[in-house]
*Asks:* 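This structure is in structure tokens; I'll ask about it shortly.
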2 protein chains.
Amino acid sequence: MATYAHARPALTVDCVVLGYDDAGLKVALIRRGLAPYLGRWALPGGFVHVDESVDDAARRELAEEAGLSRVWLEQLYTFGAVGRDPRERVVTVAYWALVRLADHRVQAATDASEAAWHALDELPRLAFDHAAIVAAARERLRSKVRWQPIGFELLPRKFTLGQLQRLYEMALGRALDKRNFRKKVLALGILDELDEHERNVAHRAARLYRFDETAYRQRLRDGFSFEL
Amino acid sequence: MATYAHARPALTVDCVVLGYDDAGLKVALIRRGLAPYLGRWALPGGFVHVDESVDDAARRELAEEAGLSRVWLEQLYTFGAVGRDPRERVVTVAYWALVRLADHRVQAATDASEAAWHALDELPRLAFDHAAIVAAARERLRSKVRWQPIGFELLPRKFTLGQLQRLYEMALGRALDKRNFRKKVLALGILDELDEHERNVAHRAARLYRFDETAYRQRLRDGFSFEL
DNA sequence: CCAAAAGTGTTCACGGTACACCCATGC
DNA sequence: GCATGGGTGTACCGTGAACACTTTTGG
């Protein structure tokens with residue numbers, strides 16, 4: 001393990017930013033303004049600087065390239081195949097993030113020519129191996145959603161149980177029984193029932209709820225299972 | 001994302017190799033023959049070459065530094081804090097591996113002055129942030145063992161249900177009920193019951209079993225849950 | 001009054017858990 | 001014969017899954 005003087009792989013981060021609205025799950029993509037894959041859609045990301053942690057690099061790129069900050073962010077997987085970038089050897093640490101679509105407009109910045117949300121199940125062809133990275137994030141969402149009440153990161157602060165259920169159905173890729181879902185989710189004891197209802201809907205207005213983070217942390221400490 | 005000409009972080013892999021025998025879980029460590037942390041125990045690992053995938057680098061280091069090959073190996077997490085190596089900026093992709101202790105003698109090789117198995121719950125002080133990496137592997141084992149019948153990678157090819165149960169108890173950190181354990185594990189239908197028994201034991205000789213990988217794959221395809 | 005989603009309980013089957021005694025073997 | 005782990009079955013309980021109708025609101 002002598003000092004390393006040879007060519008080294010470059011190191012980047014790439015972020016799979018997932019958002020949700022009533023139409024479904026979306027990913028934030030950026031249209032590349034440079035070769036290779038000029039004009040293709042790609043994940044926001046970029047090189048890791050020597051003086052920042054990899055986590056910080058992910059947050060920075062998210063802010064610079066997509067104009068997003070203060071989002072929930074977690075490391076996903078490191079993609080290190082040899083040919084994944086045609087220019088040179090690049091290893092990328094992929095992250096995934098969840099944001100409230102209502103709160104965030106993605107905006108292109110720096111060297112990205114365009115940024116936009118894309119529906120998760122009708123993605124365009126992506127640059128590099130980014131399709132595989134998105135697939136990994138999707139898989140992680142599917143498994144994580146069963147153990148941690150992640151959904152609240154994606155919904156507006158006040159939401160209906162119907163919205164929450166539709167989100168879970170999207171994430172899990174299957175229909176859930178309405179009564180069982182409400183029963184379980186309310187039994188978790190991490191929702192504040194508000195004295196507010198939807199407005200201007202063409203059907204009975206649903207009650208609004210809010211995620212009770214304090215109760216959630218308490219339950220976590222008590223060793224609680226959030227399986228849905 | 002122009003061509004990158006500045007200083008770049010170096011990229012390494014580190015492997016948490018877990019082994020098991022009747023005395024408990026062990027991790028393979030190497031005594032460092034170079035500064036920094038000269039003489040300290042550390043995980044086997046090293047730099048990723050430009051012409052090999054990160055996975056390949058992990059396998060190579062495992063072979064070179066610990067003399068291990070053909071082991072079960074999986075990516076664990078990427079550690080990218082800024083100060084984790086005092087010499088220069090180094091990001092490491094951590095892997096974890098499971099081996100049959102009976103089959104593998106670790107042997108020091110290349111630039112490691114010594115290699116040995118250490119009991120997982122009485123580790124010496126480790127170099128760099130390797131203690132955190134081992135802790136992450138341990139946590140991963142604990143959660144993974146519940147979903148995938150991982151234990152078989154760690155046991156000899158023929159084993160008793162008692163051995164399997166003790167392994168699970170080590171991994172999960174709690175005692176399991178013998179009858180329930182046997183019932184569940186046999187119900188999985190992935191064990192071959194052999195017409196062989198232990199020999200030379202000071203008690204009733206236990207029947208030996210073998211992991212039936214074919215049946216396992218079949219169950220996986222059928223969407224089977226291996227929760228214990 | 002019609003469409004569309006909200007809201008609400010009960011029953012059944014299965015799996016998890018708790019629990020105690022006899023058996024085979026080596027010393 | 002004794003110490004040590006191997007081996008076996010049953011009863012209870014809680015949770016997950018299935019399932020249908022009434023209510024409210026806007027158009």
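Below, read A as the first sequence line, B as the second, and so on, with proteins coming before strands; counting in each chain starts at 1.
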*Asks:* Please report the distance, rounded to the nearest Å, between CG in A/Leu186 and P in C/dA6.
*Replies:*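 Atom CG in A/Leu186 sits about 13 Å away from atom P in C/dA6.
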
*Asks:* Just how far, in rounded Å, is P of C/dA4 from CG of A/Asp22?
*Replies:*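 Distance, rounded to whole Å: 16 Å.
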
*Asks:* In whole Å, I'd like the distance from the CG atom of A/Leu208 to the P atom of D/dT25.
*Replies:*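 Roughly 14 Å, once rounded to whole Å.
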
*Asks:* For D/dG7, does either OP1 or OP2 sit under 4.0 Å from a side-chain N or O belonging to B/Arg182?
*Replies:*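 So the side-chain polar atoms of B/Arg182 do come within 4.0 Å of the phosphate oxygens OP1 or OP2 of D/dG7, strictly under.
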
*Asks:* Could you give the CZ-to-C1' distance, from A/Arg146 to D/dT15, as a whole number of Å?
*Replies:*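 The answer, rounded to whole Å, is 14 Å.
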
*Asks:* Nearest heavy atom decides the nucleotide; on that basis, is B/Ala205 or A/Ala206 closer to the 5' end of DNA chain C?
*Replies:*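 Upstream on the strand: A/Ala206.
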
*Asks:* Please report, rounded to the nearest Å, how far the P atom of D/dC13 is from the CG atom of B/Asn180.
*Replies:*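 So the two atoms are 16 Å apart, to the nearest Å.
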
*Asks:* Do A/Lys178 and C/dA6 have a side chain to base donor-acceptor pair shorter than 3.5 Å?
*Replies:*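 Yes, a donor-acceptor pair under 3.5 Å.
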
*Asks:* Within less than 4.0 Å of OP1 or OP2 of D/dT4, is there a side-chain N or O belonging to B/Arg204?
*Replies:*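 Checking B/Arg204 against D/dT4: no side-chain N or O falls below 4.0 Å of OP1 or OP2.
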
*Asks:* Among C/dA6, D/dA17, D/dG9, which nucleotide sits nearest the side chain of A/Thr160?
*Replies:*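 Ranking C/dA6, D/dA17, D/dG9 by closest atom to the A/Thr160 side chain puts C/dA6 first.
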
*Asks:* Thinking salt bridges, do A/Glu169 and A/Arg166 make one under a 4.0 Å N-O criterion?
*Replies:*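 A salt bridge is absent here (no side-chain N lies under 4.0 Å from a carboxylate O).
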
*Asks:* Given atom NZ of A/Lys183 and atom P of D/dG16, what is their separation to the nearest angstrom?
*Replies:*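 One finds 9 Å between P of D/dG16 and NZ of A/Lys183, rounded.
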
*Asks:* Base, sugar-phosphate alone, or nothing: which one does B/Lys184 contact when heavy atoms must sit under 4.0 Å apart?
*Replies:*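 Sugar-phosphate: the residue B/Lys184, judged by heavy atoms under 4.0 Å, touches backbone atoms but no base.
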
*Asks:* Looking at A/Tyr95, A/Phe152, A/Trp96, which one forms a ring-ring contact (aromatic ring centres under 6.0 Å, His included) with A/Trp72?
*Replies:*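 Option passing the ring-ring contact (aromatic ring centres under 6.0 Å, His included) with A/Trp72: A/Trp96.
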
*Asks:* Has A/Arg142 got more than 12 heavy atoms of other residues, nucleotides or ligands less than 6.0 Å from its CZ?
*Replies:*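 More than 12 within 6.0 Å, yes.
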
*Asks:* Find the distance A/Asp177:CG to C/dG9:C1' and express it as a whole number of Å.
*Replies:*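 Going from A/Asp177 (CG) to C/dG9 (C1'), I get 12 Å.
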
*Asks:* Are there over 12 heavy-atom neighbours, none belonging to A/Lys158, within less than 6.0 Å of that residue's NZ?
*Replies:*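 Counting neighbours around NZ of A/Lys158, 12 or fewer heavy atoms of other residues, nucleotides or ligands fall under 6.0 Å, so no.
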
*Asks:* Answer with yes or no after comparing the ring centroid distance for B/Phe211 and B/Phe159 against a 6.0 Å cut-off, counting only values under it.
*Replies:*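 They do not qualify: ring centres at least 6.0 Å apart.
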
*Asks:* Where each residue is assigned the nucleotide of DNA chain D containing its nearest heavy atom, which of B/Gly162 and A/Asn200 is assigned the position nearer the 5′ end?
*Replies:*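 Of the two residues, B/Gly162 wins.
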
*Asks:* By nearest heavy atom, map B/His203 and A/Arg179 onto DNA chain D; which one lands nearer the 5' end?
*Replies:*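 Closer to the 5' end of DNA chain D: B/His203.
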
*Asks:* Rounded to whole Å, please give me the gap between CD in B/Glu198 and P in D/dG6.
*Replies:*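 That distance rounds to 7 Å.
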
